[in-house]
Amino acid sequence: MSVTRNRRKQTVSFRQRLQQAATAAREAAARLPAGPERDIMLKKAMQAETAAHINELLSAPVLHAAAR
């Protein structure tokens with residue numbers, strides 16, 4: 001018995017999805033009062049922005065040229 005994987009074609013780039021997640025988390029945090037829930041949302045926004053930055057660094061053409 002084989003299991004089929006649910007595959008989706010992404011229409012938005014990974015960087016754009018990370019930016020959207022960061023923006024959504026920041027907007028959600030702005031609507032919350034100061035407290036642990038707001039801190040969690042701000043942390044999620046920072047994590048998404050950091051992931052976008054790391055992805056940008058890893059996909060830089062300079063890095064690919066140095067690896068060859």
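In this chain, numbering begins with 1 at the start of the sequence shown.
Looking only at distances, no side-chain donor or acceptor of Arg15 sits under 3.5 Å from a matching main-chain atom of Ala52.
For the atom pair CE of Met41 and CZ of Arg31, the computed distance is 8.0 Å after rounding to the nearest 0.5 Å. To the nearest 0.5 Å, the span separating CD on Gln16 from OG1 on Thr23 amounts to 11.5 Å. Between atom NE2 of residue His53 and atom CG of residue Leu58 there is a gap of 10.0 Å, rounded to the nearest 0.5 Å.
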Exercise for review: Could you give me the CA-CA distance, side-chain angles and deciding distance for Glu49 and Leu18, then say whether side-chain contact (heavy atoms from CB on, under 4.5 Å) is met?
Suggested key: CA-CA 7 Å; Glu49 290 167 350; Leu18 287 171; over 6 Å; no
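Between Arg26 and Leu42 the shortest heavy-atom distance is NH1-CD2, 3.6 Å.
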